[in-house]
Every structure is written in structure tokens, then in C-alpha cells.
Amino acid sequence: MNITVCIKRTPDTETRIRIAEGGDSIDSGGVKYIVSPYDEFAVEAALRLREAAGDGTVTLVTLGDAAAAEQLRSGLAMGADKAVLLEGESGFDGLATARALATELEGHDAPLILLGVKAADDDAQQVGPMLATLMGRPCVTAVSDFELNGDTARCQREVEGGTEVVEVDLPAVITITKGAFEPRYASLKGIMAAKRKPLEQKAAEVPAARMTLEALELPPARPEGRIVGEGAEAAAELVRALREEAKVL
Amino acid sequence: MGDVLAFAEQRDGVVRGVTHEVVSTAAALASELGGECHALAIGGEGLSGSVGALGGFGAARVKVAADGALAGYAAEAWAAIVVEAVRAGSYGAVLFPASAVGRDLAPRVAALLDVPMASDVVEVSGAGGAVVVRRPVYSGKAFARLRMDASPAVVTLRPNVFPAQERSAAGAVEEMAVSVDPSSWKARVVEFKTASAGSLDVSEASVVVSGGRGMKDPENWALLENLRDALGSDVAALGASRAVVDAGWRPHGEQVGQTGKTVSPKLYFAVGISGAIQHLAGMRSSGTIVAVNKDPDAPIFGVADYGIVGDLFEVLPALTDQVKALKAGG
Ligand SMILES: Cc1cc2nc3c(=O)[nH]c(=O)nc-3n(C[C@H](O)[C@H](O)[C@H](O)COP(=O)(O)OP(=O)(O)OC[C@H]3O[C@@H](n4cnc5c(N)ncnc54)[C@H](O)[C@@H]3O)c2cc1C
């Protein structure tokens with residue numbers, strides 16, 4: 001089976017965020033970029049399905065600037081077969097991103113489209129279900145594990161208070177969260193092979209964003225905390241402070 | 001265009017706490033936009049009785065789409081009903097909770113209506129007629145202020161951030177006629193596995209007691225459970241760091257952080273948790289943060305409001321006793 005996985009270039013989760021001059025972007029100086037961790041879960045899921053089936057291809061797609069080729073190569077090194085870089089801006093308007101991806105994906109023969117549940121930069125959790133809706137496909141979001149039975153995927157989805165089991169008919173879109181698909185490391189052989197794998201690069205058709213960034217701000221500094229004491233004796237003072245100062249008990 | 005529609009989430013006919021926050025916020029936004037707040041509930045039969053009280057949170061009208069087949073969440077059908085309700089009015093905004101259902105439903109609604117959407121918002125205003133939101137990005141390491149340039153603006157609200165406000169008003173309940181055909185659904189919820197009976201979900205609790213690798217062994221969680229019970233298991237829930245979830249000590253449903261859940265409780269305890277940036281991503285917007293750690297240089301003390309430096313195996317029982325004494329004393 002052919003599977004398409006949408007991935008995104010995002011700053012490393014350890015990165016300290018600094019706001020660039022002008023206040024509407026981050027200072028990318030010194031920032032290390034990675035494949036968004038949730039997308040790595042999705043790549044892993046696709047690779048396992050292909051390996052279990054013994055045939056099919058895993059195609060990676062990203063919307064981003066030319067530098068995102070680096071993240072596509074990372075996914076190819078994990079074992080994906082080919083990649084498409086849609087050159088264009090992926091901003092805060094998830095619907096604009098979903099449309100650009102849908103335009104590309106309509107042409108893919110892939111009964112299964114996987115994405116990470118959200119991107120580690122905008123944290124929005126929108127593109128998967130929007131993409132599915134635009135393509136007229138069903139979608140299951142925040143899936144921690146799934147298995148295929150013929151043309152149906154049986155998905156475990158974590159919700160408040162438990163796990164929902166959702167069955168979805170293919171063709172479908174599934175967004176993956178942390179769970180069964182701990183991503184593999186790329187082997188040296190995989191990294192070498194990735195250099196020769198096809199990576200198509202083309203201009204994206206991204207509609208104008210209708211949600212515009214007015215400002216990026218750092219979170220307000222939390223007031224300086226206080227060590228109330230050491231060891232068990234400090235418990236009484238802590239409880240007093242929580243009751244009388246913070247008024248939360 | 002000034003009305004605001006609030007999605008009123010319920011489960012098994014019980015209105016969820018976060019729904020009061022969403023309806024209250026919708027009512028405040030509607031008055032800024034110069035319109036009315038309406039609430040929409042979707043679910044099984046007999047729903048009108050349980051959602052009628054939402055008028056008391058500011059909904060001038062409470063629309064109810066009830067059908068036996070809608071008792072459980074069914075994404076395709078629910079999205080179609082929300083869209084129908086939106087099209088029947090003149091809404092400037094549609095608000096959902098950023099719950100599992102809201103996060104799944106709202107983007108579909110936005111795509112069907114062809115309007116942009118803002119997720120997990122912590123501030124929303126309608127000043128000047130346009131909806132402007134503030135939301136965390138980069139795992140809470142920054143905030144984006146975004147102007148939404150199409151109407152209605154679809155927004156999900158982070159739970160536990162917006163106040164629920166009762167007003168002395170009563171909304172009229174209106175039944176919405178729905179016709180549903182489950183046989184056409186391409187995705188079906190076939191089973192629901194409850195995490196552990198009666199325990200509160202970490203994302204909904206107003207107090208969270210989280211443990212990390214410093215707990216040493218899953219059996220030691222009894223110490224955290226005791227503290228949770230002393231605080232009240234109706235308000236307090238257990239959480240965990242990724243390290244202990246990956247070790248198999250705790251279920252992933254309890255994980256707080258970037259690849260776990262985002263929580264904003266009134267009070268957060270981080271016990272034996274170092275405070276890695278990915279853990280902070282999930283809990284830094286908590287009201288009051290308490291850290292218990294034997295390492296005075298642990299990064300968690302950098303975000304904590306109150307800290308105890310010490311061995312958690314000594315501190316936890318003492319803390320639990322103090323909380324019990326406080327509750328007993330009233
Ligand atoms: C992409 C990515 C995503 C991630 N997502 C998450 C996430 O969602 N959530 C998350 O939590 N982490 C996440 N992590 C992992 C994160 O980086 C840390 O590894 C993890 O949070 C560490 O967990 P910990 O604090 O329990 O363990 P440790 O870092 O091992 O810290 C244990 C702490 O316990 C203290 N301690 C030990 N014994 C005692 C004692 N007897 N009394 C008191 N204190 C004691 C120690 O001083 C130490 O500070 C993620 C990492 C990556 C790369």
C-alpha cells in the first residue's frame with residue numbers, strides 16, 4: 001500500500017525562543033531544526049505498515065522553504081522512499097496550509113495519509129482534519145496506535161478519561177500522537193541511501209492567509225518563586241503558603 | 001454578524017465543566033461584538049433537560065440536536081450539524097473547548113465553512129469588530145497574537161483558563177431537527193475503554209499531582225495517590241513525566257508535556273521531576289506551581305512558585321498529613 005506522510009520542519013524542542021526585531025518572527029540564528037517529533041511518529045507508522053505488507057511506497061511531503069529539504073532527507077534516511085518539497089510559506093493559518101497540501105495530495109495514489117497530531121512550532125492541531133475535510137476523506141486524530149484490517153483501520157485514540165477505539169474506512173487521514181510508534185534512528189546506510197532517493201521540488205499553491213500575526217511575545221515572566229524550606233519540616237509552611245498567600249487550598 | 005455560537009460539550013448527558021467556560025466566554029465576546037450568545041449541544045436523547053441550564057451562563061438560546069445515534073461522538077455527523085447551525089444564524093465567532101472532541105471537531109467545521117481557525121486560545125476579544133486571539137506557540141515558549149480576517153472565526157479555548165460566570169438569565173431551549181444515517185459514516189467509535197474508574201483526567205483537574213523519575217518505582221505512586229486523595233479526588237488528578245511513562249510505570253494518558261497533555265490547573269505539584277523544557281511545555285501555564293526535588297539546582301525550581309528541597313519520600317507523607325489536617329480543621 002502507498003502511504004503519504006506530511007512532515008514539517010520545526011525548531012528543536014530544546015530551542016530557546018527569541019523574538020526577532022519587528023516582533024513578528026523568531027530569531028532563527030543558532031536555531032537547530034528538526035522533523036516535528038509528532039511527524040516522526042507518523043513516518044515510523046508508515047514504515048512499519050510498508051514493512052509488514054512487504055510492498056508499497058512511503059512518500060513524504062512538506063510545505064516549507066528550500067531548507068526543509070534537510071528534514072525530507074532525514075525522513076528518507078529513516079526509510080521513506082521519495083519526497084516532495086512544496087516551496088511556500090506555512091504560516092499560522094492552518095487552512096491555507098491544508099489547501100496547499102490537498103492540491104498536491106489529490107494527485108497521490110495513497111489510500112492512507114498520515115500526519116503528526118500537531119506541529120511542534122504552531123501547536124495548532126488543525127492541518128490533518130482540515131486536509132481530510134478538503135479531500136472528502138474521513139479522519140481520525142490523535143491516534144496512539146492503529147492496525148489495518150483490509151480496507152479498515154482500527155485506531156486507538158486517547159481522550160479525557162480513557163481510550164476511544166475508532167474504525168475508519170480507507171481512504172483516510174490519520175494523525176499520530178505519541179504511543180506505539182517510537183521512531184527509529186536512521187542508520188548510516190539509511191543516511192547514505194537517502195542522498196540518492198528522489199526529492200521533487202516545486203512551487204506550492206498556498207492561498208493567502210486569513211489569520212494574520214499581529215505580534216509574537218515571550219510569556220510573562222513568572223514571579224520569582226520561593227524555596228519554603230528543606231525536607232519534611234517544610235511541609236507545614238508550604239501548606240500555610242498555599243492557603244494564605246496563593247489561596248489555592 | 002455579531003452573534004457567537006458556543007459548542008456545549010457534554011458526555012452521557014452530563015455537561016462538562018469546560019462548557020461553562022466556553023459559554024461564559026462566548027457571552028462576553030458576543031457583547032463585545034454587539035450580538036447574542038447561543039449554545040449548541042449535540043448528543044443522545046433527553047439532552048434538553050441537562051443543557052437547559054446553560055442559559056444561566058449567558059446563552060440566550062440553547063440549541064439542541066439530539067438523536068439516539070448521536071449519543072457518542074461521531075465526527076462527520078457532528079461537524080455537519082455544527083455547520084448547519086452556523087449557517088442558520090449570523091455568527092461572528094464559533095467557540096469550542098480545546099478538549100479531545102473540540103480539537104477534533106473545530107478544524108473540520110472551519111474547513112467546511114472555509115474560514116480560518118485559532119487553536120488552544122488563552123485570550124479572545126472582539127474589540128473593533130474583528131476577533132483577535134492570543135495563543136501559545138513553540139510549546140508555550142512564546143505567545144502569538146492573531147487577527148482573524150474571516151467570519152465566523154473558529155476558536156478553541158484552552159480549558160481552565162477562562163472563568164465560568166453564572167448570570168441571572170435563562171435561555172430558551174430550541175430543538176434542532178436532525179436526520180442522521182450512521183450507516184454512511186466512514187469513521188465509527190466502536191468501543192470506549194475507561195482509563196480507571198472514577199479518576200479524574202489530568203487535563204480537566206483543577207489540581208494536578210505529578211510524579212517523575214525521582215519516584216524511583218511505580219509502587220511508590222501510592223504516596224502521590226495519598227496526596228491526591230487528601231486534596232480531594234474530585235478535584236485532583238495524577239500526572240506523570242515522560243520518563244516514567246516511557247519506563248512503563250504510568251499510562252500515557254497521564255503524561256504532561258509536549259508529547260503528552262497540556263494542563264492549566266489552579267495548583268500543580270511536580271514531585272521528583274527535573275523540569276525539562278518539554279515537561280514545562282505542558283504545565284507552565286498552571287496557576288500555582290509547587291516543586292519537590294532533592295536537587296536545589298533542578299530547573300523545575302525556575303518556574304515553581306513554591307519549592308521544597310528534600311527527599312520526596314520524607315516530604316510527601318508530611319505534606320499529605322498537613323493537607324489532611326487542614327481539611328479536617330476546615
Ligand atoms: C521530543 C521530546 C518530547 C518530550 N516530551 C515530553 C513530555 O511530554 N513530558 C515530559 O515530561 N518529558 C518530555 N520529554 C522528556 C524530557 O526531555 C525529560 O527527559 C523528562 O521530562 C524527564 O523526566 P523526569 O523529570 O521525570 O526525570 P529526570 O530528568 O530523571 O529527573 C528526575 C528528578 O527527580 C529528582 N529526584 C530523584 N530522586 C529524588 C528524591 N528521592 N527526592 C526528590 N527528588 C528526587 C532528581 O533530582 C531529578 O530532578 C520529551 C523529550 C523530547 C526530546
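Everything numeric here is computed off the predicted structure, so don't read it as measured data. To find a chain, count down the sequence lines: A is the first, B the second, and so on, and within it residues start at 1.
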Less than 4.5 Å to any heavy atom of chain B: does that hold for the side chain of [X], its backbone, both, or neither?
X: Glu233(A); value: neither
X: Ala215(A); value: both
X: Asp12(A); value: backbone
X: Thr10(A); value: neither

Which bit of [X] is near chain A, if near means a heavy-atom gap under 4.5 Å: side chain, backbone, both or neither?
X: Leu319(B); result: both
X: Asp114(B); result: both
X: Val290(B); result: side chain
X: Asp104(B); result: both
X: Ala304(B); result: backbone
X: Val132(B); result: side chain
X: Ser99(B); result: both
X: Pro136(B); result: backbone
X: Leu231(B); result: side chain
X: Ala276(B); result: neither
X: Leu112(B); result: both
X: Tyr138(B); result: both
X: Lys261(B); result: side chain
X: Asp305(B); result: both

Are side-chain heavy atoms of Asp121(A) and Val137(B) found at a separation under 4.5 Å? no
Quick one: are Tyr38(A) and Gln258(B) in side-chain contact, heavy atoms under 4.5 Å?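 Side chain of Tyr38(A) against side chain of Gln258(B), heavy atoms only: contact under 4.5 Å found.
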Only pairs of heavy atoms separated by less than 4.5 Å count here; which of [options] has the most with chain A?
options: Met117(B), Glu314(B), Glu76(B); value: Met117(B)
options: Ala110(B), Ala142(B), Ala291(B), Pro317(B); value: Ala142(B)
options: Val131(B), Val245(B), Val303(B), Val207(B); value: Val303(B)
options: Gly310(B), Gly307(B), Gly302(B); value: Gly307(B)
options: Arg242(B), Met148(B), Arg11(B), Arg188(B); value: Arg188(B)

Side chain to side chain donor-acceptor pair (under 3.5 Å) between Gln278(B) and Thr13(A): does it pass, once the steps are laid out? CA-CA 7 Å; Gln278(B) 296 91 352; Thr13(A) 54; 3.0 Å; yes
For residues [X] and [Y], report the shortest heavy-atom separation together with the two atoms involved.
X: Pro129(A); Y: Arg108(B); value: CB-CG, 4.0 Å
X: Leu238(A); Y: Ile308(B); value: CD2-CD1, 3.8 Å
X: Gly231(A); Y: Val315(B); value: C-CG2, 3.7 Å
X: Met211(A); Y: Ala118(B); value: SD-CB, 3.9 Å
X: Trp185(B); Y: Asp169(A); value: O-OD2, 4.3 Å
X: Phe143(B); Y: Pro220(A); value: CE1-CD, 4.5 Å

Would you say the side-chain atoms of [X] pair up with the backbone N or O of [Y], donor to acceptor, closer than 3.5 Å?
X: Lys141(B); Y: Thr15(A); answer: yes
X: Glu164(A); Y: Glu191(B); answer: no
X: Arg210(A); Y: Asp149(B); answer: no

Residue pairs, two or more places apart or on separate chains, that pass salt bridge (Lys or Arg N to Asp or Glu O under 4.0 Å) and touch residues 122-141 of chain A: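 For residues 122-141 of chain A, and leaving out neighbouring residues, the salt bridge (Lys or Arg N to Asp or Glu O under 4.0 Å) pairs sorted by first residue read Lys8(A)-Asp122(A).
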Could you give the distance from CG (Leu242(A)) to CD (Gln322(B)), rounded to the nearest 0.5 Å? 11.0 Å
Measuring from atom CZ of Arg240(A) to atom CG of Leu326(B), what distance do you get when rounded to the nearest 0.5 angstrom? 12.0 Å
Donor on one side chain, acceptor on other, Glu237(A) and Tyr306(B), under 3.5 Å: no
Taking atom types as modelled and ignoring hydrogens, do the side chains of Ser119(B) and Gln126(A) form a donor-acceptor contact shorter than 3.5 angstrom?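 The answer is yes; a qualifying pair exists.
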Before you tell me yes or no, could you show the steps for Arg134(B) and Glu217(A) under salt bridge (charged side-chain N to carboxylate O under 4.0 Å, His left out), namely the whole-Å CA-CA distance, both residues' side-chain angles and the distance that decides it to 0.1 Å? CA-CA 10 Å; Arg134(B) 190 160 178 274; Glu217(A) 298 151 11; 3.1 Å; yes
